[in-house]
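Got a structure for you, questions after.
On a predicted model such as this, the values are computed, not experimentally measured, just so you know. Chain A is the first sequence line, chain B the second, and so forth, proteins listed ahead of strands; every chain is numbered from 1.
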Amino acid sequence: MKHMDLLTERLTRAVAQRSSRRGFLGSLGALMVGAASLPLLPVARGAQPPAEKDHASTQDPASCEYWRHCAIDGYLCSCCGGSQSTCPPGTEQSPVTWVGTCHNPADNRDYVISYNDCCGKSTCGRCLCNRNEGDSPLYVPFQSNDYDWCAGSHSDIPYNCSTARIVAPAR
Amino acid sequence: MKHMDLLTERLTRAVAQRSSRRGFLGSLGALMVGAASLPLLPVARGAQPPAEKDHASTQDPASCEYWRHCAIDGYLCSCCGGSQSTCPPGTEQSPVTWVGTCHNPADNRDYVISYNDCCGKSTCGRCLCNRNEGDSPLYVPFQSNDYDWCAGSHSDIPYNCSTARIVAPAR
Amino acid sequence: MRLKLAAAAAALLLPAVTAATRAVAATPPLLPADPAGTSVVLASPPSPHWVWVNDVVFNHMPDGQAILVDGDSGRMLGMLNTGNMFARVVLSADRKLIFSPETYFSRGTRGTRTDVVTIYDAAKLAPLSEIVIPPKRAAIMPMMAANDLTDDGRFLLIYNFTPSQSVSVVDMQQRRFAGEIETSGCALVYPTGPRSFFSICADGAFLEEQLTDSGTLAHSQRTAKLFDAVHDPLTEKPVRVGDTWYFVSFSGQIQPVTRTGQGLRADPPWSLLQPVDAAQHWRPGGLQQLAAHAASNRLYAIMHQGDLATHKEPGPQVWVYDLATHKRIQRIMLKNPAGSIQVSRDAQPLLFATFIGSTTLDIYDGLDGRHLRSVTELGTTPTVMVTP
Amino acid sequence: MRLKLAAAAAALLLPAVTAATRAVAATPPLLPADPAGTSVVLASPPSPHWVWVNDVVFNHMPDGQAILVDGDSGRMLGMLNTGNMFARVVLSADRKLIFSPETYFSRGTRGTRTDVVTIYDAAKLAPLSEIVIPPKRAAIMPMMAANDLTDDGRFLLIYNFTPSQSVSVVDMQQRRFAGEIETSGCALVYPTGPRSFFSICADGAFLEEQLTDSGTLAHSQRTAKLFDAVHDPLTEKPVRVGDTWYFVSFSGQIQPVTRTGQGLRADPPWSLLQPVDAAQHWRPGGLQQLAAHAASNRLYAIMHQGDLATHKEPGPQVWVYDLATHKRIQRIMLKNPAGSIQVSRDAQPLLFATFIGSTTLDIYDGLDGRHLRSVTELGTTPTVMVTP
């Protein structure tokens, strides 16, 4: 029932953000919506409808509802020893990445956000967050969250967590 | 409460079996008794008091209550592609092992049972079973379930599951 | 009371067993001693009702696995350890071997990366040999088109992403790496014959590749734009019946793509949805969202209710279609939501269903949709399934 | 709407940021761009309130891990990947390095086995170098005595089991394997000085080992039988304060073992239990069942109610003792049953508690026992904890 409510809610609200996203774990998070029990994996809090998101959480980098996470997909580095813009110790920030546009309610502005993966260790396993819209199949790589973007890093494919860096204000 | 009932039950009944045992995963199973939630691991059914064990299950090799499992500790090979005496495909039965003495209610006899590990693949993950009494610390290796006995196999330490072979009737 | 026993020593106890047997001759016979050192050897070729459940093990990716289950009994038959970022096993044409593209690091998650195709004996589930390939395997959400065999089983095709796009060709007869084919702008591998396959491209075209007998590129050609990759993309998870690959779009349009003597042909699309279904927001979704049964010419699709961004969500129903008439002939209500389905190839097929967020495999009658049995404690994050 | 951005390209956008800042001067200032390519570097030496939670990852042992948590904030600070059958990290004397005995196979669970001691920079959590050691590391339930450093930090001692018993000595100053010491009948390593340690033996004795300055065996001597390994065995999980190792028996007897100029001395045992506790079947248990705080001379023990075969079960309480008087001074009611406890070394200690069957770390005030905070989603099967 909760699942259907969620879907109905989704269907009836306007899709405000069509921002891009990245992150190999994306479809895992997406698939988890509607799962009866998830023994291994945290629930992707991005599945909550906006009404349940309070303002404080939009300013908490360890929250899935953090404003910069509008298009994130993966484990939050803020829960893994890094921050919203910095990788945990011993991991390398992937140079190739994808960007989204997120709205910051605190200053009522939109920013271009880059979701860089942190690479070189196995998954952190904390704070899985999936807020994705506009995902494309693998044949459009730079719109697809089914790639592990650590593939472009010196550390190669081991994926640890994802950051959400401000690149510039959106115009 | 359930935990306390179980402990009380254990304390008040006679310890009928003092048979030896083996199996690296032993203490994991032991530790699981009393855990509120076990997200990753099946409950060790050996923790059930005997009253809950029906006769049929004592004759089912895929059941923790199978009569030969009186001193087993690990994943049951019967749930992993092997049987009570045979390893799953592609795994090697460890030559060094430990034995227990188990009572078969079907013929009312005691048998010497050898608990051979199956080695060379990572853990099967199914039917964790821990029915252990008489475990000793690591300094008495051949009475300790805290060793991975695959260490003595050609396949080296990767542990997949455990068998329960009849060696001989007990005298 | 405790004895240290080497396996070889067990035989020494046999005289004691014999003596004990005589002493209790009036009672039921003693159970015999079991041999030591034995491992199961599976039937070969495998039963059509077996299924490989591939598992990338998301939370501990260095320990990827493939797990073999007998659909008739619900028993796990065995497993393979398949390394980092595992996609899926590929079965040899005669089903006696298993080919597995695998990635290892010399220190688990660091050090030297080595990519190999491991060749396993399908009866013993033991490695026979391995072929080292360029360390470029795509690290992706596991899907069937990550790697596949040419129709005669000669060449294994492996999609690479570094993030440059290419395909590694491995000669499974000569057991050597045959070469790499650049596929810029196009992804994955869809075999169409003994020496041909295609990839799917970002611009809505397909890239057709023809191989030589040594596995190098004979020639390639790009089709015209055949689908709309922007407004209603085809998923990269089609299924094949004969010469036709059936793609499905986010909105539920089926786009058949057929190999002809003149190259790939896009056949007229048709919809999984009646207007009433569309009004109720039904939509296909999942990780392995389609299955096909060639003998009965049926297509199976996981369906859920959701909006456009839900194309990977699991569904509570599987809808079944007649591929000749495009008519829906059945709605199967699932025991558990499924993100992945697969169907066996025999005349009395089983339908397998699982979900990456669960560890249960549900097994249904592939014809009437009855739930037959469920297998629990299976894997950690099961992805796609392969049937013999 | 989507841009491909290389990290280096971010700098090119800065002029745009500046221009935009001018345009909205009347409103709050724009948030600045974040640098790319940065990773956290930790404080060095570490805070005494940090804790390493070691995790063997039972269901996927090739991906063993050690996870660092700040006890004051409850934040995860980082992690290490530590390979197959991982026991625990060892911290260098100056706490600026982390030594980790690790096992790898060239193909995950098969192929060539390589055992190494990896040396990590404790601030960067990155490998600096590794020392190859004989592939004999004991594959055991993780415990502290699997490996430890001599008191001056020079030699790392690693218990081997093949199933022959020995100890590998690794020179961490010269960064080379120094040699192997055979310890037949005796297990594990308990350091007692800069060049000395002992092992514990099946016959109730201890084996004292004296090293040379090059890490070879100078001499060894075996004590008389000092404990009853049959009727009430000491667990192999003691804790150390100064020259004394405090062992506990299955029934709750504390057996102090002190290093003296004349060799090891067994001091008079004393009990964790009053008669009323024994009547209620209280008993120590757990995987890391004891902790000690040297500055306050306190011993902490996980306690539960159970019979003799429950010596590894978690407990709902931690009992605290004054090591001078042997009096119990506190009963801490735990938020969750604990199988492992550890205490920080500072004057205002934290008590850490976890359990291999959970993924939660509970943090208590080490002096008054108040629950301070809990850290969730931590690891998969957390084993033993190490504090700086």
Does the side chain of Thr109(C) reach to within under 4.5 Å of the side chain of Asp63(D), using non-hydrogen atoms?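 Yes - at least one pair of side-chain heavy atoms lies under 4.5 Å apart.
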
What part of Thr103(D) is in contact with chain C, defined as an atom under 4.5 angstrom from a non-hydrogen atom: side chain, backbone, both or neither?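 Neither part, no heavy atoms under 4.5 Å.
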
Contact origin within Thr112(D) toward chain C - heavy atom pairs under 4.5 Å: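 Interface part for Thr112(D): neither.
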
Answer whether the closest heavy-atom distance between the side chains of His60(C) and Met61(D) falls below 4.5 Å.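 Of all side-chain heavy-atom pairs linking Met61(D) with His60(C), none is under 4.5 Å.
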
N-O pairing of Arg107(C) and Glu130(D) below 4.0 Å: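 Looking at Arg107(C) and Glu130(D), the cut-off is met.
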
